[in-house]
Amino acid sequence: MSDEPTSRATFAEYSERFQREEGFLDEKSGLFGLEDSKLRDAASLERLILVISVATLLLVSEGLQIVQQGVRRTIDPHWNRALSDLKLG
């Protein structure tokens, strides 16, 4: 809901927001099981987060490459886009 008039810019803003929320959903869904690690040591948790960050970067890069190659349907057969770039990777 907004009190601003709708324009093409509005759709671009919502597209960016959707991409961010998709990322949060991936993080919350426990894709990497961060909460399940039960780590209490700050140094160990920092190392795990670093590894997760690198893995996220690599997987999103792979997912984007899949989309650019036009082979998304071979991995994600849903009629509408269902898997995030992270999950595609």
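What you see is a predicted model; the values in this text were computed from it and never measured. FYI, the numbering just counts along the sequence from 1. Only heavy atoms go into these numbers, but all of them, side chains included; no hydrogens, no water, no symmetry mates.
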- Message: Return the CD to CG distance between Gln69 and Leu64, rounded to the nearest 0.5 Å.
- Response: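 It is 11.0 Å, given to the nearest 0.5 Å.
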- Message: Let me confirm one number: the CD-CG distance from Glu46 to Asp41, rounded to the nearest 0.5 Å.
- Response: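 Taking CD in Glu46 and CG in Asp41, the distance rounds to 9.0 Å.
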- Task: Is it possible for you to say whether Leu45 and Val51 belong to one hydrophobic cluster, with membership spreading through side-chain heavy-atom contacts below 4.5 Å?
- Result: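 As far as the 4.5 Å side-chain criterion goes, Val51 and Leu45 are not connected within one cluster.
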- Message: According to a hydrophobic-cluster definition based on side-chain heavy atoms being under 4.5 Å apart (Ile, Leu, Val, Met, Phe, Trp, Tyr only), do Leu57 and Ile66 belong together?
- Response: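 Leu57 and Ile66: separate clusters.
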- Query: Do you know the tightest heavy-atom contact between Leu39 and Leu48?
  - Reply: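 Nearest pair, atom of Leu39 first, then Leu48: CD1-CD2, 3.7 Å.
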- Message: I need the single residue from Leu58, Val54, Leu59, Ile52 that forms a side-chain contact (heavy atoms from CB on, under 4.5 Å) with Thr56. Which is it?
- Response: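 Of the listed options, the one satisfying the test is Ile52.
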